[in-house]
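Remarks on the structure that follows.
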Amino acid sequence: KVEYIAPDFALVVAGSWNDRWDMSVGSVTITQARKDVLDFTRPYAFNPAQFASTIASGITTIDGFAGQKICTGGASTTYQQWLEGTLVLVDAPAPATPPVGATAFPLETDQLCAQSVQSGRADFTGWLSSSEAIDAALKAGTPMQLVGDPVFYESLGIAFDNTVEDNDSSVAAVNAILDEMRAD
């Protein structure tokens, strides 16, 4: 029997789940720090990290974000880590270099970045998130525009708590399912 829960993302990437859940299928990017506390399947997708700027900012290039505040969803995201220069991706192409002096402006979720712009807040000039999240916000009329190409690609994997004995068999079983899906 499957039971679905939605824990805070910071709890997921911290590891040591203590049997509260068995796996996380929620766009967990495979990073070196996360591999230290979690086991992962092979990547099932590569998610582009994309910039958008507020229309009011006039920023049209990634370098234009130098010295600016960039909204990110939460302190545990790869977007904030990339801006801070601490992101070490695994199984993904090397990321671009962050704009000089750009700082993260973390809100609880990515969606709050878009909602803040829609409500008229102006305490940041850009948003760094998945291209999917940004595209959805733009289609919903958020007064922002895409800026540049993706700055990195997140290798997404299904995560398992590495403190659980015999996780290798669980990871192998889910990898087999993913392989079947790829072949289909």
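Values reported hereafter were calculated over all heavy atoms of this structure, with side chains retained and with hydrogens, waters and symmetry mates removed.
Taking 4.5 Å as the limit, some side-chain heavy atom of Leu83 sits within range of a side-chain heavy atom of Thr72. Within the 4.5 Å cutoff, the side chain of Val117 has heavy atoms near those of the Phe124 side chain. Side chains of Phe40 and Leu38 form a contact here, defined as non-hydrogen atoms less than 4.5 Å apart. You'll find the side chain of Leu146 reaches within 4.5 Å of the side chain of Leu138, heavy atoms only. With a 4.5 Å cut-off on side-chain heavy atoms, Phe105 and Ile70 do not count as touching. At least one side-chain heavy atom of Leu107 sits under 4.5 Å from a side-chain heavy atom of Cys71. Using a 4.5 Å heavy-atom cutoff, the side chains of Val164 and Asp39 are not in contact.
If you chain together ILVMFWY residues whose side-chain heavy atoms come under 4.5 Å of each other, Ile158 ends up grouped with Met23, Val25, Tyr44, Leu156, Phe160, Val171, Val174, Ile177, Leu178, Met181. The hydrophobic cluster analysis finds Val88 isolated: no Ile, Leu, Val, Met, Phe, Trp or Tyr side chain comes under 4.5 Å of it, directly or through other members.
Counted by atom type alone, Asp161 and Thr163 present one or more donor-acceptor pairs between their side chains at under 3.5 Å. Donor-acceptor pairing under 3.5 Å is recorded for the side chains of Thr125 and Gln68. For Glu84 and Gln80, the side-chain atoms include at least one donor-acceptor pair closer than 3.5 Å.
Asn162 places a side-chain N or O within 3.5 Å of a backbone atom of Asp36 that can act as its donor or acceptor partner. Between the side chain of Asn47 and the main chain of Ser130, no donor-acceptor pair closer than 3.5 Å is present. Glu154 places no side-chain N or O within 3.5 Å of a backbone atom of Val28 that could act as its donor or acceptor partner. Between the side chain of Gln50 and the backbone N or O of Gly148 there is at least one donor-acceptor pair closer than 3.5 Å. Although no hydrogens or angles enter the test, the distance criterion places a donor-acceptor pair under 3.5 Å between the side chain of Arg34 and the main chain of Thr29. At distances below 3.5 Å, at least one donor-acceptor pair connects side-chain atoms of Ser116 with backbone N or O atoms of Leu112. In terms of modelled atom types and a separation under 3.5 Å, the side chain of Glu180 and the main chain of Asn175 share no donor-acceptor contact. Checking side-chain atoms of Thr142 against main-chain N and O of Met144 turns up no donor-acceptor pair under 3.5 Å.
Annotation for Pro93 and Leu89: closest pair O-CD1, 3.9 Å, computed over non-hydrogen atoms. Among all heavy-atom pairs drawn from Ala52 and Ile134, the shortest one is CB-CG2, 3.8 Å. Among all heavy-atom pairs drawn from Tyr79 and Asp110, the shortest one is CE1-OD2, 3.9 Å. Residues Ser24 and Val12 come closest through the heavy atom pair OG-CG1, 3.5 Å. When every heavy atom of Asp22 is checked against every heavy atom of Trp17, the shortest pair comes out as O-CZ3, 3.6 Å. Smallest separation of non-hydrogen atoms from Phe9 and Gly26: CE1-O, 4.2 Å.
In the hydrophobic clustering of this structure, Val37 groups with Ile30; members are Ile, Leu, Val, Met, Phe, Trp, Tyr whose side-chain heavy atoms approach within less than 4.5 Å, directly or through other members.
Here CG of Asp149 is found 12.5 Å from CZ of Phe51. Values are rounded to the nearest 0.5 Å. One distance of note links OG1 of Thr86 with CD of Gln81; it measures 5.0 Å at 0.5 Å rounding. Taking CD1 from Ile62 and OG from Ser53, the interatomic distance works out to 10.5 Å, rounded to the nearest 0.5 Å. Between Ile55 atom CD1 and Gln145 atom CD the span is 4.0 Å, to the nearest 0.5 Å.
Heavy-atom neighbours of Gln118 CD from other residues, nucleotides or ligands within 6.0 Å: above the threshold of 12. Within a 6.0 Å sphere centred on CG of Asp8, other residues, nucleotides and ligands contribute more than 12 heavy atoms. The environment of CG in Asp123 is crowded: more than 12 heavy-atom neighbours from other residues, nucleotides or ligands sit within 6.0 Å.
Qualifying salt bridge (charged side-chain N to carboxylate O under 4.0 Å, His left out) partners for Arg20, counting only residues two or more places apart in sequence or in other chains: none.
Ring orientation note: the planes of Trp82 and Phe152 are tilted relative to one another, at an angle of 30° to 60°.
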